[in-house]
Amino acid sequence: MKTLISNATLVDGTGADRRPADVLLDGAVIAAIVDAGTLTAGETGADRVIDATGLVLSPGFIDMHAHSDLQLLVNKEHYAKLSQGVTTELLGQDGLSYAPVDDATLAGVREKIAGWNDNPADFAFNWRTVGEYLDRLDQLEDGGRIATNAAYLVPQGTVRAMVMGFAEGDPTSEQQQKMQDVIRTAMEDGAVGMSSGLTYTPGMYAQTEELAGLCRTVGELGGLYAPHHRSYGKGALDAYAEMIGLSRDTGCALHLSHATMNFAENKGRAGELLDLIDSALDQGVDITLDTYPYLPGATTLSAILPSWASSGGTDATLARLADPETRARIRESVEIYGSDGCHGVVAEWDTLEISGVQNPALAGYVGKTIRDIASATGREPFDVFASILTEDRLGTGILQHVGHEENVQAIMKHRSHTGGSDGLLVGAKPHPRAWGTFPRYLGHYSRDLGLLSLEEMVHHLSGRPAARLKLHNRGLVREGYAADVVLFDPETIRDTATFENPRQAASGIQYVFVNGTAAIDGGNPTGARAGRALRRSSDGLTREGSSTP
């Protein structure tokens with residue numbers, strides 16, 4: 001099908017000034033870009049003409065930190081992302097996902113990240129390798145495709161669990177080599193790099209030397225390393241410095257996941273982080289980062305536990321919570337010394353809000369903080385924390401209210417910044433960033449606050465992340481490129497998702513095309529699914545199709 005978009009205001013993703021243009025989509029490709037008012041349906045053979053007067057035509061947005069690994073397969077319409085103009089997502093984040101796995105590792109991972117992705121009992125996890133997972137994205141069980149394009153990071157914590165189990169400890173030389181071999185195979189299957197979750201078990205058990213060996217393998221293959229590093233709270237700058245040092249020493253490109261400076265001790269300190277990054281960039285270290293445009297974070301309640309208490313998986317953790325002596329040690333770590341799982345910061349119970357549960361009996365706690373529940377039930381906050389973890393088998397999702405607006409704005413303006421929602425799509429009351437990240441950037445921060453021009457902000461959300469992922473012919477509105485494009489009203493685009501009512505589609509987005517197929521048409525979802533798995537190729541570029549060019 002040919003679609004002619006006439007009289008649009010073109011913002012092409014490069015950062016260049018906007019200009020009026022006609023754009024012709026021919027199937028999955030952008031076939032022509034000319035001055036506005038030049039093309040007609042008759043001469044182009046267009047099947048459809050969209051008058052885009054008053055609308056901006058931009059590349060589809062690239063979510064550099066997505067947790068849609070399972071939801072793309074389960075809730076296939078994927079309206080949360082399409083409705084905000086996202087056409088490509090980077091999966092496999094925070095060191096924990098569903099490939100590569102063996103049977104035992106898959107069972108452990110499913111429980112561990114149920115709070116991120118849910119854990120449907122009747123879903124067929126009928127893949128084990130990264131290649132098989134990407135194949136599943138390309139053809140769902142109903143014969144259709146996924147709603148957005150998706151690239152994948154091999155998750156370091158999952159790989160560690162495959163080789164060493166979920167317990168702490170350093171790898172032997174044989175285990176280290178095995179992990180590097182698994183990562184090499186995963187990247188040959190199409191992964192674009194590696195992620196880590198260094199405040200989540202078992203990823204957090206990896207020492208710098210272990211990570212360096214893995215990064216060398218990733219770097220040799222031209223991939224990127226995307227760490228959720230060891231702390232966003234106490235010692236955050238040291239944690240960032242460790243990751244930058246890894247990149248410098250191994251030659252592996254670095255992409256800092258949800259690069260924030262949170263908790264009270266980091267208020268107003270974003271400049272120190274940016275100085276650290278700028279110094280490294282000036283020395284030739286290859287660094288980019290992503291952020292979400294909100295103050296609270298989102299994670300699992302079990303992440304607040306100290307790492308030693310989570311060693312060995314769900315059953316081992318629950319056994320420790322049930323043992324009075326061990327439970328007292330956990331409480332001491334969480335409330336007195338600061339758990340490494342909570343970024344070295346003492347848990348502030350009034351900042352931890354329940355966003356979703358697996359156990360229906362706990363549904364009444366959603367939207368309440370641990371402190372709220374303790375006050376209402378006459379219990380100590382730690383006892384509430386421990387009982388919820390136990391009754392929900394560690395599957396509880398939370399919002400963590402620990403951010404600072406001045407830090408968010410400073411980091412957002414940086415020359416290496418890209419956008420990532422870090423959006424969790426499950427739970428009764430998920431973080432609104434899952435539905436609102438990209439329109440919030442364009443509406444609130446660009447138009448309303450003037451933090452970046454529209455052209456700059458679109459570049460942050462499309463062209464720059466496309467370059468980081470080495471996407472072949474994607475991320476810009478350019479002839480011959482994939483027809484992943486968005487049409488939105490620059491005067492009305494905004495996020496409507498709130499913490500009270502998070503599942504709300506953006507306003508102002510009129511059309512979203514994924515590979516030339518309209519997924520949003522006139523502001524309404526079409527149900528069309530035209531996404532592709534995007535795989536690292538042997539030439540280093542990321543493209544649809546097999547892992548070889």
- Message: Quick check on side-chain contact (heavy atoms from CB on, under 4.5 Å): which of Val285, Leu246, Asp286, Ile244 does Leu254 satisfy it with?
- Response: Ile244
- Note on the structure: Given the options His228, His229, His431, His258 meets ring-ring contact (aromatic ring centres under 6.0 Å, His included) only with His228
- Message: Quick check: closest heavy atoms across Ser462 and Ile62, and the distance to 0.1 Å?
- Response: O-CD1, 3.4 Å
- Query: Between Asp118 and Arg110, is the closest basic N to carboxylate O distance under 4.0 Å?
  - Reply: no
- Gap between atom CZ of Phe166 and atom OG1 of Thr317 - 0.5 Å precision: 10.5 Å
- More than 12 heavy atoms from other groups under 6.0 Å of NZ on Lys76: yes
- Under-4.0 Å salt bridge between Arg529 and Asp142: yes
- Under the side chain to side chain donor-acceptor pair (under 3.5 Å) rule, collect the residues that match up with Gln358, sequence neighbours excluded. none
- Message: Looking only at the side chains, is there a donor atom on one of Asp102 and Thr105 sitting less than 3.5 Å from an acceptor on the other?
- Response: yes
- Task: State whether a side-chain donor-acceptor pair under 3.5 Å links Ser97 with Asp69.
- Result: yes
- Item | Cation-pi, Tyr294 ring and Arg433 (6.0 angstrom, 45 degrees) | no
- Tell me the ring pair (Phe, Tyr, Trp, His ring centres under 6.0 Å) pairs involving residues 454-486, sequence neighbours left out? His417-His460
- Between Asn149 and Arg532: side-chain donor-acceptor atoms closer than 3.5 Å: no
- What is the minimum heavy-atom distance between Thr418 and Tyr441, and which atoms define it? O-OH, 4.4 Å
